[in-house]
Amino acid sequence: MSHDVTHTRTQQEYEYDRKRANLGMRNQVTVFALMIFLTFIAFASVQAGMSAYLVAPLILLFAAVQVALQLYYFMHWSEKGHGMAQFFMYSAAFIAFTMILAFITIIWW
Amino acid sequence: MMKGLKKWRLFGLLAALTIFLSGCGEEYLSTLTPGGTVAKEQYKLLLLTSVIMLLVIIVVVIIYVLVIVKFRRKKVGENTIPKQVEGSHILEIIWTAIPIVLLLIIAVPTVSLTYELADTKAMEAKDENGNATAVTVNVTAKLYWWEFEYPEQGIITAQELVVPTGEKVYFNLKAADVKHSFWIPAIGGKLDTNVDNINTFYLTFDKESDSLKDGVFYGKCAELCGPSHALMDFKVKTLSKDNFDTWVKNMQATKGKKADKNSTDLGEQVFANSCISCHAVSGEGTAAIYPNLATFGDRNRVAGFIEHSEEGIKDWIKNSQKLKPGNLMPVEKDLNKGKEFTDEELDALAAYLMGLSVEK
Amino acid sequence: MDLKTKFTPQSWPAHPENATLEGKNKTLGFWIFLGGETVLFATLFATFLALKNKGPNGMEFSTQSLFELPLAFIMTMLLLTSSLTSVYAMYHMKNHNFKAMQAWIAVTVVLGLGFLGLEIYEFYHYVHLGFTFTQSAFGSSFYTLVGTHGLHVIIGLAWFILLMLRNSKRGLNLYNAPKYYLASLYWHFIDVVWVFIFTVVYLMGVLD
Amino acid sequence: MSSTAKKKGFGATIWDYLTTVDHKKIAVLYLIAGTLFFVIGGIEAMLIRIQLAEPNNDFVSAGLFNEIITMHGTTMIFLAAMPLLFAFMNAAVPLQIGARDVAFPFLNSLGFWLFLFGGLFLNLSWFLGGAPDAGWTSYASLSLASPTHGIDFYALGLQISGAGTLIAGINFLVTIINMRAPGMTYMRMPLFTWTTFVASALILFAFPPLTVGLFFMIFDRMFDANFFDHLNGGNTIIWEHLFWIFGHPEVYILVLPAFGLFSEIFATFSRKRLFGYSSMVFATILIGFLGFMVWAHHMFTVGLGPTANAIFAVATMAIAVPTGMKVFNWLLTIWGGNIKVTTPMLYGLGFIPSFVAGGVTGVMQASAPLDYQLHDSYFIVAHFHYVIVGGIVLALFAAAHYYWPLMFNQMLNETLGKITFVFFFVGFHCTFFIQHFLGLMGMPRRVFTYQGDQGWDLFNYISTIGAFLMAIGVILLVVNVIITAIKGEPAGRDPWKDGRTLEWAIPQPVPYYNFKQTPLVRGLDTFWIEKMEGNKEGMTYAEPISDIHMPNNSFIPFMISFGLFVAAFGALYHQDADKAWSLPVLIAGLAITFLSMIVRSLKDDLGYHIHKEELMNEKGGKK
Ligand code: HEA
Ligand code: HEA
Ligand SMILES: [Cu+2]
């Protein structure tokens, strides 16, 4: 248990991993492009002065998508072994949601 | 037959509980002797929940006693190894379902009463002349006293709330300094007086208070507000509608009343020199910074909790900081240009104050 | 675990951050910590939403009058890009390419510093207008929310810099690999928070 | 204590404890500090009860009384109950899951020292111009108005100790997830481990709102921010929400581990596996989850509106269901068992009716319109002492007796233990039962005195008598500890004879590396299984004896915490114009902290190995 078993990969394994990593990296760049794109639309739609009722949900959705992209790709949730991380982050998100909902509904101004 | 028996038992339990509970506490103060519809509804809820909780406790205790009696090692034998039972789905279902049912029985009246007690729409109702039909009182809680303003009637009083019986009285509550909470236990539940907003609710008063021991219901501050939180009491006088109207008229009639520096009455002179800058003696008006004293002579207590007598007044003037730490009343010397009052002055002042009345 | 083992790209494990028990514990612990941070930021967001544009009677400041989108846009781009560069750094970490990793982290740090500079400029600008931390509840909640994020940026940068300096002579090993990995996770989290800040604070602030 | 400690000199022992990263020693530290604060909080409770024994009493003054109740509540919740639970978690949980160590030994020690220095800071307020006086809830309008530094001590002290708690929580989470022995699946974990896990998750999510709320409070009071100042757009209700978003889960943080302890005790002393294990686990998780949905039941009278009140009322009631599941599962655990009424079991038997009584009054309060009457009255005081004292304190006392042999290899005196129980239990009901009626009779809480004409005199007097009985109980417990420490004999392994879980399988005194060989877990109640199969060693091993990796001791956690402690003084007095020394102190404190942190991160700390040969020679474990 406390022993750190590290084994040397065979040349074949190594090359295979390397190739996958490269593919993965390409994937990351695509994700990045998507994020830039979403950000751009979000800013543009606000700047364009469209109706707030339309824009607000839209940019919130974009934010959620962007965050999901960060988490699943940049922060590797799409790889296995992140069950607990997801569990705690989703729980946190749930509590965050409840709290924000409460603060915009039951505090008077 | 079984059902009938059960009902009867429940009823018996309720009756016994009621008798037991009303044995506790004083009529002018206890939530167990409700003196208005709001408190009555809440009391019913108390009985309902108490009975259900007693049932729960009884069930638990029965199983518990049986267990202890039957399964002690002395009985079972030193070396027996009991069967290692994993669990039981049927039992699980039973003790999930029954509590849910019991909770639903509580939840239904809870929700409906929550909405009912929050319904203050009728407050805005106007008769054909555009006058409000309901009595509304603006309550302002301050360190450590209460101000009651009647906006429709244009009158104001402090420390003693006067209300008509037999109708819904509406309250707008707020705090002037820190948060307090407005509570008349025998009449109904509390509502906080916040600094940020105005809270509104209603109470009804069934009974005229002069039949009570002190002639008043007791009111409390229920939110910690500083050292003298415990002394931030107020009293409630309930009058029949007619008497209430008379009281309002008398209050309105004090319009323009002032203490005169040149009065022949020494007490009035002292008051005019030392007290008038803070305390008004006319009951007509709107919210002020300090307690209005127009009805001082009619009150039940001095400063909310001290015996209402000339002695009590004098004690208060001399020792207000000791009696109610942290209140804003200046010490005696600051009232009287750096000197203490002479006995003669104090006596006269106390007599003058006792004479401030709209009822006598 | 020892620091002496020399790795080649081939003997280097595919998931160096998780190759040791310490590494596993650290990664998991850090994710859990981020869960707590999420709630912390949620609290700040909730408070900001409750207090935004609230101040003494007749306050002249509002989200509309203060915020400028071009600035927020540039800041967003800087931070987003730095997120990608730190992904590059981690890519090279997995390939056991220490130099490239350090280089990409350096780029990340430069971008982060750019972001921080703009944020400081922005705050400075508002303070000059009279919109300060103590001016109103709006001010208090705005500076606390955005400032806490800024503080995270500072910590993230300090972390990166410390790691780069400390390990510059030693190269990668299984002891410091999880540290790099966590620092980069932290940096992504900072970006995640910023996505909500630019959306909820700036964009939605300008909207209504 | 372990035989190695006895050989060392006094100074060396102290140094050992100051630098230890061993969870078993940290458990002892938590136990000592928690007991100290429990006694302080208890003395404060006695002062409260003496003052209220008769009407118009002037035993303490109005202002002082408010300081006492505030410090009583704060000390008991943050500095007594939680750390004492941490003591038993540290002592038992790693052993229960068959781990050599916790996941982060260094952080474990940091968590303790942060808690201790935060607690000391808070309590020093007594000597430095006045303790906090706005109630443990510290509602914003009053706490902003409070003139002394008391509230600043409260905010800074809780901030420091809260950071320690958060760290401890994360440590337990990772330990339980990552460090379980082979075969110890989630559904084989003992209930105390499960409840520790869920309580730690609650800590993780509940403390950040408190942290933020305290920062707001600090900013408002010290740096002229306006979060709660309604004249500048602030809103006091934000504090109330933040406090209770933390505060409600907090009560479950406290009670869940207590449930876990009793689950162990019931199973052990009935010689029966826990009835409905999986539903117990489910109920624990459900309580944790619902715990975050109900905070506004403390705010029914704030005026949030009928819809909010109704929703929170119903959500609150829902918690009765999983809690009920637990109660009935306990009853069915002992049903058909072979009950031995030892002291821990006696506490367990006292706990069931007491906690149920406290729980059901909670459900009454959950009925919002009824709570309009009950809120801020003595009914509430009665409710929460029934669940807290009847739940948590009884659990702590039970655990003290139950785990004493595990922690110190000695048995507390059983007879004295039972006498302690009788005094404490009778005193407890005598003190708090009657308070329900005081509340219903219109007595508000947090009153420093009351007038004699309100019908409350007798009941208050009875309540005070009860408190004295409780005090006798506590003193007897202390006496028991002292007697045992002086003349106790080694208790040996599995001293209760009926132990079921792994912590009882380990030899006594517990070796500092815990398990010489990592055990293999073959089912729920693994020690019981091995015993039933006649395995004398009580464990099956998952690996051969081999080198064990151990962390180094470190003084850095102490220094980090001490630095914050110093800095807090600087920050606090920085507001006073006449205290020029405050800024240097603030900077010095932060410097100590940061330097210690930098030393920690720059110096590689790889720990050391105990070699196989050494292990073979040590006695204990496999001979
Ligand atoms: C360990 C601590 C602890 C625990 C476990 C609880 C448990 C519960 N509490 Fe309590 N509570 C406090 C500590 C605790 N509380 C404190 C400290 C305060 C005051 C804070 C302050 O203001 O200073 C407080 C205040 C408080 C209030 C606010 C009162 C007010 O100020 O106006 C409310 C209101 O809903 C409440 C409700 C509940 C409920 C419903 C439960 C439930 O979890 C109880 C569930 C248990 C049972 C119900 C018993 C077992 C169940 C069965 C046998 C099944 C069958 C039962 C039924 C069908 C009913 N609590
Ligand atoms: C874990 C939490 C906890 C615990 C264990 C207790 C324990 C006790 N509490 Fe506590 N209490 C609170 C949490 C707790 N309380 C909270 C949160 C509040 C609300 C505060 C607020 O309003 O802000 C409160 C408020 C509170 C009040 C209401 C104050 C008011 O509203 O005005 C009262 C009054 O009776 C009270 C009494 C007691 C008593 C008698 C005990 C007893 O069980 C104590 C038993 C312990 C002892 C009696 C110790 C005895 C030790 C000695 C005598 C010394 C011996 C010395 C040596 C051996 C060296 N408490
Ligand atoms: Cu609660």
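In what follows, chains are A, B, ... by sequence order, proteins preceding strands, each numbered from 1.
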Relative to the ring of Trp146(B), is the ring of Phe234(B) parallel (under 30°), tilted (30 to 60°) or perpendicular (over 60°)? tilted

Which of Leu274(D), Leu64(D), Thr307(D) touches chain B most, by non-hydrogen pairs under 4.5 Å: Thr307(D)

Check whether Glu240(D) gets within reach of chain B through its side chain, its backbone, both or neither, counting any heavy atom under 4.5 Å. side chain

Using non-hydrogen atoms and a 4.5 Å limit, figure out which bit of Lys70(B) sits close to chain D: side chain, backbone, both or neither. side chain

For residues Val360(D) and Met364(D), determine if any side-chain heavy atom of one lies less than 4.5 Å from a side-chain heavy atom of the other. no

For chain B, which of Asp376(D), Ile334(D), Asn338(D), Leu231(D) has the most heavy-atom pairs under 4.5 Å? Asn338(D)

Among Leu332(D), Ile352(D), Thr236(D), Thr449(D), which has the most heavy-atom pairs under 4.5 Å with chain B? Thr236(D)

With sequence neighbours left out, write down each residue that passes salt bridge (charged side-chain N to carboxylate O under 4.0 Å, His left out) with Lys326(D), or none if nothing qualifies. none

Using a cut-off of under 4.5 Å for heavy-atom pairs, which of Ala222(B), Ser228(B), Pro99(B), Pro325(B) has the most such pairs with chain D? Ala222(B)

Heavy-atom cut-off 4.5 Å, strictly under: side chain, backbone, both or neither for Val56(B) against chain D? side chain

For His229(B), enumerate each residue passing the ring pair (Phe, Tyr, Trp, His ring centres under 6.0 Å) test, keeping only those at least two apart in sequence or located in another chain. none

His180(B) and Tyr144(B): ring-ring contact (aromatic ring centres under 6.0 Å, His included), yes or no, with the steps? CA-CA 9 Å; His180(B) 307 270; Tyr144(B) 304 98; 7.1 Å; no

Are Trp183(B) and Thr301(D) close enough that some pair of their side-chain heavy atoms sits under 4.5 Å apart? no

The interface call for Lys324(B) against chain D, heavy-atom contacts under 4.5 Å, is neither

Using 0.5 Å steps for rounding, measure from the CH2 atom of Trp95(B) to the CZ atom of Phe328(D). 7.5 Å

Please identify, among Ile106(B), Thr96(B), Val111(B), Thr80(B), the residue contributing the most non-hydrogen atom pairs under 4.5 Å to chain D. Thr80(B)

In terms of heavy-atom pairs under 4.5 Å, which option from Glu78(B), His89(B), Lys213(B) contacts chain D the most? Glu78(B)

Best-contacting candidate, Ser279(D), Gly324(D), Ala368(D), Ala145(D), against chain B by heavy atom pairs under 4.5 angstrom: Ser279(D)

Ser270(D)-Arg73(B) side chain donor-acceptor pair, cut-off 3.5 Å: no

What's the verdict on ring-ring contact (aromatic ring centres under 6.0 Å, His included) for Phe182(B) and Phe171(B), showing C-alpha distance, side-chain angles and the deciding distance? CA-CA 10 Å; Phe182(B) 176 80; Phe171(B) 294 91; 5.3 Å; yes

Region of Glu223(B) that comes under 4.5 Å of a non-hydrogen atom in chain D: both

Which atoms of Ala267(D) approach chain B - backbone, side chain, both or neither, heavy atom under 4.5 Å: neither

Heavy-atom side-chain contact between Met317(D) and Ser367(D) under 4.5 Å: yes

Part of Leu117(B) lying under 4.5 Å from any heavy atom of chain D: side chain

Which bit of Tyr28(B) is near chain D, if near means a heavy-atom gap under 4.5 Å: side chain, backbone, both or neither? side chain

Side chain proximity check, Phe300(D) to Phe312(D), heavy atoms < 4.5 angstrom: yes

Please identify, among Gly439(D), Gly337(D), Ala318(D), the residue contributing the most non-hydrogen atom pairs under 4.5 Å to chain B. Gly337(D)

Find the one option among Leu191(B), Val76(B), Ile52(B), Val67(B) whose heavy-atom pairs under 4.5 Å with chain D are most numerous. Val67(B)

Counting only heavy atoms closer than 4.5 Å, note whether Ser88(B) contacts chain D via side chain, backbone, both or neither. both

Let me see the working for Thr70(D) and Asp133(D) under side-chain hydrogen bond (donor to acceptor under 3.5 Å, both in side chains), right down to the final yes or no. CA-CA 6 Å; Thr70(D) 304; Asp133(D) 59 357; over 6 Å; no

Under the side-chain hydrogen bond (donor to acceptor under 3.5 Å, both in side chains) rule, what do Asp453(D) and Tyr218(B) come out as? Steps first, then yes or no, please. CA-CA 11 Å; Asp453(D) 59 349; Tyr218(B) 283 23; 2.8 Å; yes

Comparing Gln454(D), Glu67(D), Met280(D) against chain B, the one with the most heavy-atom pairs below 4.5 Å turns out to be Gln454(D)

Ranked by heavy-atom pairs below 4.5 Å to chain D, first place among Ile57(B), Val178(B), Asp177(B) goes to Val178(B)

Check whether Ala175(B) gets within reach of chain D through its side chain, its backbone, both or neither, counting any heavy atom under 4.5 Å. neither

Engaged part of Ala118(B) at the chain D interface, taking heavy atoms whose separation is under 4.5 Å: side chain

Toward chain D, the part of Leu91(B) with a non-hydrogen atom under 4.5 Å: side chain

Under 4.5 Å, counting heavy-atom pairs only, tell me which of Ile184(B), Asp214(B), Thr49(B) racks up the most with chain D. Thr49(B)

So, Asn56(D) and Asp58(D): side-chain donor and acceptor under 3.5 Å apart, yes or no? no

Measure Gln84(B) against the heavy atoms of chain D and call it side chain, backbone, both or neither at under 4.5 Å. both

Residues Lys235(B), Asn300(B); criterion side-chain hydrogen bond (donor to acceptor under 3.5 Å, both in side chains); working and verdict: CA-CA 7 Å; Lys235(B) 302 287 179 282; Asn300(B) 180 273; 5.1 Å; no

Taking side chain as everything from C-beta outward and backbone as N, CA, C, O, which of these in Trp330(D) sits under 4.5 Å from a heavy atom of chain B? Side chain, backbone, both or neither. neither

Less than 4.5 Å to any heavy atom of chain D: does that hold for the side chain of Asp119(B), its backbone, both, or neither? neither

Step by step, work out the side chain to side chain contact (heavy atoms under 4.5 Å, CB included) result for Ile237(D) and Tyr139(D). CA-CA 9 Å; Ile237(D) 308 305; Tyr139(D) 274 12; over 6 Å; no

Under 4.5 Å from any heavy atom of chain D - which part of Lys220(B): side chain

